[in-house]
Structures are given as structure tokens and as C-alpha cells.
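Notes to accompany the following structure.
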Amino acid sequence: MSSETVPAAARLRGVVRVPGDKSASHRALLVSALAAGTSRIDGLSPGDDVRGTGVIIEQLGASMVVEGTETVVTGSPDGLHAAGAPLDCGNSGTTMRLVAGLVSGIDGEHVLVGDPSLSRRPMDRVAVPLRAMGATLRGEGERLCAPLHVVGSSALRGIDYDVPVPSAQVKSAILFAGLSATGPTIVHERVRTRRATEDMLALAGVPLDVVDVGTGRRVTLHPARPQARAWRVPGDPSQAAFFAVLGALHPDADVGVEPIDVAPERIGFVSVLARMGADVSLVAYAHGTGLVSRSASLRATTIHAEEIPSVDEVPALTVAAAAAAGVTSFIAMGELRVKESDRFAGSMALAKALGCRVWASDDDFFVEGLASAANFQPFHQPATLDHRMVMAAGVAGVAGHGCVIDGIETVSSSYPSFFSDLNGLR
Ligand code: S3P
């Protein structure tokens, strides 16, 4: 584990190109592996999480080569097969949950393992629906943590399932299993989560119907083998969020981010920041929509988890709250506790380390801001095996008065060049 000092910056200028969206990258690999024929993926995320998914699809029988900016994946003509060796999902919950769904439809026994962070995360949320479809899943303890043993079957049955916790990973696991089931699979979600799986399966020719219902959505999938095709992965909005926050709270910043996915489920953080008084806006670049963020005085707000489904942007928004005037309320944030680390505790600890008064009540937490990043204390960020906590700490250090980060290399799970991109703005 390495410990590094991140110094403050006097001035920030420039435009960053964030990596390809992690969610779309995992799905591009999995859908391409399932397809008969050769798919080309442009702009795949360079992070370890997505690399791990790539290794797994090769273990299951697909082949993969990198040609310049493209990753070329060829599915096995007679379909994927059990690997006969553990499938290492590393630090990536998306890998473990989506692959659990995919291998549920493949005859044989599959063992999914992960690092210490992933091995603490609950897998019962995917095991329950996948069992109902006819797969057998075993894990450790009540919440079925990894190692996760899956006995898959090519004779799964479709289900009609109401996802209890809003989760794109759970929805996607069920849809991947449904591809090889008998009969349609219907998934209901009460809050609309990111829809990369639905959109990409539909583009790959899988018959699929998506209907918005109130604040939620119903997805109906009919079993089919996806078709090979070319994919273009957009920039990752959850990574752009770190630069949006950085630009807003740094006293002398004008920071741009090149085109990203601007699906409504992904860019809730932009409206939250705008409400806080940030000078942040979506802008048209030649190849799509990116964003620009400039220094501003921030004020506190109330942020409900439903505004930012999956709550990936909370560590960054906590830093914004720490620089705002007033008390920012983070409401219904329980899901933060089961991310790569306990981000509920971790976000509060980060704000506290910056000098803020923080407190919690059930699934809500509160940050009394310091009115400006100039009032941040220098701080020490402990190692967490959590890329987003590292990046949030980096933003706070650069905008405030520097920090020391333990386990800084953890950013490689999603954004290996994060600190060089950040330093490029100095
Ligand atoms: C993801 C879904 C989210 C998110 C994660 C990526 C995905 O998790 O936190 O970073 O690609 O499906 P949940 O499904 O647990 O909300």
C-alpha cells in the first residue's frame, strides 16, 4: 500500500477526458461474449474492474484482443461454458453481480471470488431472484458473501420480480439470466436506475420492452442470444462528478470534462450542484455533451438518494457540502454502507477530517459546511479499498490545503490516471 501527499493547487484550468463509463464497459464485454460473432468496443474503461470482467469472459470461452482504442471480443459459436477455475471479480461488485446472473444460465458449477472489500458485500440481493429462476447459489453467512458458488442451468425459467432495493446491478443480473430462460423475464424497479443493460441488450437485438411506471420502470425481456455489433462507450459521468465538484469549490477554477453519458439516471449530481449555487453546466462539444464547472460560493442543500440513484456521487458531494455555507442533509443513504467500503461512515469521516461538524440519524447524515474550501484542514485519508473515497479525498486536498492519502493506488479499479488528470489541471 502506498501513501502519497496530494498538495493544494493555486489555480485549475483545462479540460479532462474521463475514462469510458464503467457500467457500459462491463456490459459491452458481457453482451459481446454472449453473442455469436465478433464485436468491437471502442473506449472501454481502462480500470481493473473492467479488466477483471474481460479475464472472466475469456475463462468462459470468449476471446478478446486489444487493437488500438478498440477491444475486439469474439463469442464462442456454441455459447459460453463453465470455466473450471474460480472467476476473480477483484474489487468489483458490478462484475460479481452481473456475472452471477450470466453464469446462472450456464450449466455447471461456477465459483466467484473477490478481494476483502468485495467479500464483505451482500450477494443475497442477486441470489434471491436467481434462485427463483432455478439456479443454485451458496455464499458465506446470512448475506451470502463471496466466495459465491453458483450452479447454473441452461433451463432457467423467467420470473416476474420486484427489486426491493433500487439497484442496476440486481436488475442486470436478472436480465442476463433471463436471456437463456424459458419464457419472458419481467423486472420492476421503484426508482429508475441506470439503464445500460436494457439499452445495450436492445441494441444487440434482444426483444425487450421498457416502460416508465411512476417514479420507476418495468423491463420485460424475451430470451434471445445477443447479436455481435460495434459499441462506443461514452465517458463516465460518475468520474466527471469529481471534476464538477472540484471546479465548483476551488477558489480559482475553470474545468471542463469531455463528453460523458448524460442519461438522466446518471447526472443527478449536476442538478444538486446547481442547487448549491455551483456554476456547472452541460455543454456541447463536437462529439457530444460534456460539462464545465467554475469557482462559485456554495450553499447547503438537501440531497435525497433517489436524485442520484446508486449514490456513487455522494463521496464527491460530501466534499461540496463541506465547502458550502449551512447544513447539507443527505437523506436515505443506507445503500452507501454496502459499497466498496462503508461510504456512509467514510463520507462522514472525510467531512469531519476537513473540519466539519457531522452527525447521523438512521440512514440520513448531515454535514455543517465551512463556507469555503479555504477553511478545509489538511487531513489524512486512511486506506479503504474504495476508489471513490480516494478520489473524493484527492478533490478535497487539491481544493483545500492538501492531504495524505493511504492506498492511493486504489483508484486503479476505475480510473488509473485520475491523479495525473487532476495534476494536469494545475
Ligand atoms: C452499477 C450500479 C450501482 C453503482 C455501481 C455500478 C452498475 O450499484 O453503485 O458503481 O454498473 O450496475 P447498485 O446496483 O448497487 O446501485
Side-chain angles (χ1 to χ4, degrees), residues 18-31 44-45 47-50 52-53 89-102 114 117-118 120-129 143 145 161 163-176 187 189-201 216-217 219 233-234 236-242 261 263 265-269 305-317 332-344 346-347 385-392 410-411 413-415:
V18 294
D21 182 46
K22 187 160 72 71
S23 295
S25 295
H26 287 294
R27 278 124 176 123
L29 288 173
L30 296 175
V31 174
L44 203 66
S45 159
D48 294 342
D49 285 10
V50 169
T53 297
C89 304
N91 187 250
S92 171
T94 310
T95 305
M96 187 165 282
R97 294 187 178 130
L98 269 54
V99 169
L102 185 144
S117 150
L118 182 54
R120 284 191 292 268
R121 299 180 66 186
M123 293 299 143
D124 51 342
R125 54 181 63 194
V126 287
V128 169
R143 305 218 64 187
C145 295
Y161 191 73
V163 183
V165 191
S167 167
Q169 294 174 352
V170 174
K171 170 177 66 178
S172 303
I174 300 167
L175 295 175
F176 275 110
V187 186
E189 54 183 7
R190 290 169 204 170
V191 173
R192 291 194 273 276
T193 65
R194 64 190 70 189
R195 51 182 286 165
T197 302
E198 297 89 299
D199 289 348
M200 293 172 74
L201 286 175
R217 180 178 284 147
V219 184
V233 178
D236 193 326
S238 302
Q239 310 291 21
F242 293 103
D261 181 1
E265 302 83 5
R266 301 301 303 277
I267 55 157
F269 69 90
E306 289 186 4
E307 280 187 272
I308 38 170
S310 298
V311 293
D312 285 347
E313 296 78 22
V314 170
L317 290 173
M333 296 286 168
E335 269 298 292
L336 286 173
R337 297 193 174 95
V338 290
K339 295 292 182 181
E340 284 83 329
S341 67
D342 178 348
R343 288 184 189 155
F344 192 97
S347 297
L385 278 182
D386 188 335
H387 54 133
R388 295 198 207 280
M389 292 313 305
V390 172
M391 292 188 275
T410 304
V411 289
S413 67
S414 70
Y415 194 167

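This chain uses plain numbering: 1 for the first residue, then up along the sequence. When a ligand or atom number is given, it counts from 1 through the structure's own listing order.
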Worked verdict on Asp386 versus Lys339 for salt bridge (charged side-chain N to carboxylate O under 4.0 Å, His left out): CA-CA 8 Å; Asp386 188 335; Lys339 295 292 182 181; over 6 Å; no

Asp49 and His26, any side-chain heavy atoms less than 4.5 Å apart: yes

By side chain to side chain donor-acceptor pair (under 3.5 Å) - contacts of Ser413 (at least two apart): none

Partner residues of Ala316 under the side chain to side chain contact (heavy atoms under 4.5 Å, CB included) criterion, sequence neighbours left out: Phe242, Val245

Amino acids in close contact with ligand 1, where any non-hydrogen atom sits under 4.0 angstrom away: Lys22, Ser23, Arg27, Thr94, Arg97, Ser167, Ala168, Gln169, Arg194, Ser310, Asp312, Lys339, Arg388

Arg120: side chain to side chain donor-acceptor pair (under 3.5 Å) partners, not counting sequence neighbours: none

Phe269 vs Asp312 side-chain heavy atoms within contact, under 4.5 Å: no

